[in-house]
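Just so you know, ligand 1 is whichever comes first in the structure, and atom 1 is the first atom listed for that ligand.
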Amino acid sequence: MSNVLDNDIMYLPGVGPKRSELLKKELGIFTFGDLLYFFPYRHIDRTKIYKIAELTEELPYVQVVGRIINISEAGAGRNRRLKAIITDGTGTMEMVWFKGINWVIKRLKPNIDYLFFGKASRFGSTFSMAHPEMDIYSPNQEMLTGMLQPVYSTTEKLKSNHITSKTIMGYVKALLPIVKGKIQETLTLPIIEKHKLMTLQEALFNVHFPQNPLILRKAQYRIKFEELFYTQLSILSRQKVRQVRVNGHVFKHVGVNFNRFYYEKLPFPLTNAQKRVIKEIRNDMISGKQMNRLLQGDVGSGKTVVALMCMLLAVDNGYQACIMAPTEILANQHFESITNLLGDLPVTVGLLTGSTKKSERNTLHKSLEAGELQILIGTHALIEDVVKFKNLGLVVIDEQQRFGVAQRAKLWEKNNDPPHVLVMTATPIPRTLAMTVYGDLDVSIIDELPPGRKPVKTIHYTDAKRNLVFGLMREQIEKGRQVYVVYPLIKESEKLENLKDLEDGYESIVRAFPPPKYVTVVVHGQMKAEDKDYAMNLFAQGKAQIMVATTVIEVGVNVPNATVMVIESAERFGLSQLHQLRGRVGRGADESYCVLVSQVKLTKESRKRLETMVSTNDGFQIAEVDLQLRGPGDITGTLQSGMPFDLKMANLATDGQLIQHVRGVVNDLLDSDPLLEQPQNSLLKNQLNKLEIHRTDYTGIS
Ligand code: ADP
Ligand code: MG
């Protein structure tokens with residue numbers, strides 16, 4: 001059945017082949033339907049004309065009508081600007097242009113009323129509008145529109161081809177009568193009525209051309225509701241299907257290795273939080289259902305030992321277990337600490353990373369397939385197809401924010417019956433993301449640090465206060481403590497420029513802390529593995545007091561004697577990265593410090609990030625701020641692929657309450673009809689299938 005919404009945008013009156021190419025390339029608008037769903041990002045109230053005397057700085061874009069009483073030019077070349085003073089009888093204000101001045105001058109005429117539109121800013125006692133939109137004022141025509149006018153995003157390329165927001169508005173105006181009556185409803189009547197929603201057609205029409213702000217909000221609400229409804233339906237029904245169809249391995253026994261470890265080997269009592277999450281995980285592992293659990297715990301909260309004890313449960317029940325870490329350094333560290341913790345327990349543990357030698361690798365592969373190797377620790381190397389297990393029962397993924405969905409899905413396929421999956425993260429996930437991007441994971445939280453840890457004191461200094469930074473470093477080193485100094489090296493592409501930062505920094509540190517009294521080592525991602533290990537070991541053994549590094553030390557490095565973390569160019573780091581770095585200190589019993597060094601001049605966002613770091617150590621709070629600042633798209637990065645569908649209207653950062661509400665609605669629906677088999681729900685099922693048809697199926701993996 002052909003649907004008018006699938007028509008090529010080229011055939012919309014006024015578009016044609018040339019402009020349709022631009023719309024496709026620049027905005028991804030290929031069809032009538034794409035245009036219908038190309039929502040305005042804001043609306044302007046074109047019915048309201050402000051008096052100059054009424055203006056305040058808080059107002060968004062406003063319209064004023066006025067006559068020009070004075071025109072003047074100032075400056076020259078790049079500083080040239082044009083000023084027009086206007087009056088509307090209630091006061092005067094200033095219109096300013098910095099560009100296209102010659103063109104504007106030609107258009108400005110005295111004794112004519114102009115309609116100006118723009119943002120009014122206050123300078124001293126007068127208001128000024130830069131680059132206003134302007135038209136000759138003709139009251140009738142303006143009043144006729146009588147509604148909120150949509151504003152659409154465009155691109156430079158479109159603008160230079162005369163496709164502006166107004167052009168797009170014209171297209172949408174032409175489109176609506178064509179699609180009227182042909183938009184199929186996507187929610188059932190009971191849902192629409194119960195939640196007092198607009199119909200889809202009503203919502204789509206009013207989201208472009210609403211009569212008033214209230215109707216606009218109702219239209220947006222309906223569209224958000226629907227997006228979130230299908231997101232939740234997709235996530236939660238997959239979860240239901242998994243629970244019904246997939247059998248989980250049952251780790252019935254608490255066996256000898258687990259018990260011997262707990263009573264003989266564990267060097268410290270577990271915190272209550274650790275005990276609780278081990279119980280939660282164990283309950284999953286005996287339930288007969290396949291576990292998909294997210295373990296959240298701030299840096300240093302002791303997730304490794306939890307993972308180890310869960311792996312021992314698998315081993316004691318005749319299964320293999322593996323743990324995947326995002327970096328080689330971290331995998332090595334896990335291997336060392338896990339073999340240390342296990343001591344002489346008869347559990348076989350292997351390490352597989354990119355630098356494992358070929359011969360070793362072959363032996364590993366064989367003993368894995370034979371089932372002789374019980375616990376495998378490694379990096380991405382684990383997910384290569386050649387790595388085959390005899391009977392993989394548990395997969396632990398550490399610092400999961402570094403892995404994409406597809407990578408995790410591969411581990412899931414390592415056994416005929418999928419293994420239990422435990423995903424661990426030190427970057428707390430804001431609630432809204434936990435309900436969406438990670439929607440089908442159960443969540444366990446370690447909300448308690450091992451005893452004796454003091455919160456890290458965080459200080460923000462500007463570059464000019466470097467002597468204070470050096471002072472603190474010196475004082476701590478005198479006490480026998482150690483110091484990290486970290487430079488940004490975020491992307492490969494930036495490596496040269498930033499490496500220079502690091503090298504300059506290293507030189508100035510060595511000048512201030514000269515050998516042989518002080519030993520400073522350098523670690524960065526471009527070094528050979530053995531040089532890196534050598535430097536790391538010097539520091540870990542206390543033979544070097546200062547480590548100058550890039551973010552390679554972000555995860556996993558554990559030197560309890562280190563008490564100072566200096567982060568250079570701190571304004572260039574993201575919040576979660578800063579938090580991770582700070583987590584490298586405060587691991588021993590001594591007071592620890594995190595010093596954020598930045599330029600004086602900061603953007604609003606970087607100032608907020610640094611202030612947040614200074615004011616709190618709470619990872620959850622930090623994650624919420626991060627989400628607000630960065631927006632969900634960015635924060636989830638590769639994880640976004642864990643979302644069933646793109647959200648066009650709903651916003652994970654700001655629609656938390658609605659997400660929660662809709663999740664409840666969907667849960668109730670699935671409680672009464674888990675597989676959507678009842679006839680009154682067939683519309684929902686069909687719509688869900690239609691939406692899901694284009695996405696890869698990672699059933700069960702989030
Ligand atoms: P993370 O959660 O960041 O992965 P780790 O598992 O690396 O934390 O643990 C951090 C440090 O705390 C390790 O040195 C570990 O041995 C120690 N640790 C873990 N649990 C406890 C505990 N209950 N009591 C004391 N120290 C603990
Ligand atoms: Mg860890």
Side-chain angles (χ1 to χ4, degrees), residues 261-263 265-279 281 293-312 322-343 375 377-379 395-403 422-429 443-456 482 484 536 539-542 551-563 565 576-590 592 594 617-620 622-623:
F261 179 77
Y262 186 71
Y263 293 109
K265 304 292 176 191
L266 200 56
F268 39 70
L270 293 177
T271 62
N272 287 328
Q274 284 171 319
K275 285 186 199 159
R276 175 171 43 75
V277 302
I278 291 174
K279 265 191 212 132
I281 294 166
R293 188 169 278 278
L294 177 69
L295 176 59
Q296 296 192 25
D298 227 327
V299 269
S301 61
K303 294 184 292 294
T304 316
V305 72
V306 170
L308 174 58
M309 291 178 73
C310 297
M311 293 196 285
L312 289 178
C322 69
I323 177 164
M324 181 162 80
T327 65
E328 218 162 279
I329 294 175
L330 199 50
N332 287 331
Q333 256 184 26
H334 277 326
F335 182 73
E336 262 170 49
S337 59
I338 284 174
T339 43
N340 269 337
L341 280 166
L342 288 174
I375 293 179
I377 297 167
T379 54
V395 168
V396 181
I397 300 168
D398 196 15
E399 305 297 349
Q400 56 70 43
Q401 69 275 17
R402 303 269 181 129
F403 293 104
L422 180 67
V423 171
M424 307 200 295
T425 177
T427 311
I429 294 161
V443 180
S444 288
I445 298 176
I446 306 184
D447 51 5
E448 180 187 358
L449 292 178
R453 301 264 170 86
K454 288 197 188 129
V456 179
Q482 291 163 283
Y484 298 103
M536 289 262 190
F539 192 74
Q541 293 161 8
T551 50
V552 291
I553 66 157
E554 182 186 330
V555 281
V557 175
N558 188 19
V559 179
N561 190 47
T563 54
M565 166 64 66
S576 67
Q577 238 179 347
L578 290 172
H579 184 59
Q580 285 277 345
L581 286 169
R582 178 166 60 185
R584 297 306 110 209
V585 294
R587 300 193 149 225
D590 303 287
S592 294
C594 174
N617 274 289
D618 179 345
F620 278 92
I622 289 171

So do Val306 and Met424 actually touch side chain to side chain, heavy atoms under 4.5 Å?
no
Heavy-atom contact check, 4.0 Å cutoff: does Gly297 meet ligand 1?
no
List the residues meeting side-chain contact (heavy atoms from CB on, under 4.5 Å) with Glu448, not counting sequence neighbours, and say none if there are none.
Thr271, Asn272, Ala273
Should the proximity of Leu270 to ligand 1, defined as any heavy atom under 4.0 Å, be assigned to the side chain, the backbone, both, or neither?
backbone
Please list, chain by chain and in numerical order, all residues satisfying salt bridge (Lys or Arg N to Asp or Glu O under 4.0 Å) with Lys265, sequence neighbours excluded.
Asp344
Quick test of your reading of the structure: of Thr304, Ile446, Thr425, whose heavy atom lies closest to atom 6 (O) of ligand 1?
Thr304
Checking the side chain of Gln296 only, and the main-chain atoms of Val443 only, is there a donor and an acceptor separated by less than 3.5 Å?
no
Counting from 1 in the order shown, the ligand 1 atoms closer than 4.0 Å to a non-hydrogen atom of Pro269 are 22 (C), 23 (N), 24 (N)
Using a strict 4.0 Å cut-off to heavy atoms of Ser301, name the atoms of ligand 1 that fall inside it.
2 (O), 8 (O)
Heavy-atom distances under 4.0 Å decide this one: backbone, side chain, both or neither, for Met424 against ligand 1?
neither
Side-chain contact, heavy-atom cut-off 4.5 Å: Phe261 with Leu341?
yes
If only atom types and distance count, is the side chain of Arg276 paired as donor or acceptor with the main-chain N or O of Ile445 below 3.5 Å?
yes
Below 3.5 Å, N or O to N or O, backbone or side chain included: is there any such pair between Val305 and ligand 1?
no
Enumerated ligand 1 atoms positioned under 4.0 Å from heavy atoms of Thr271
23 (N)
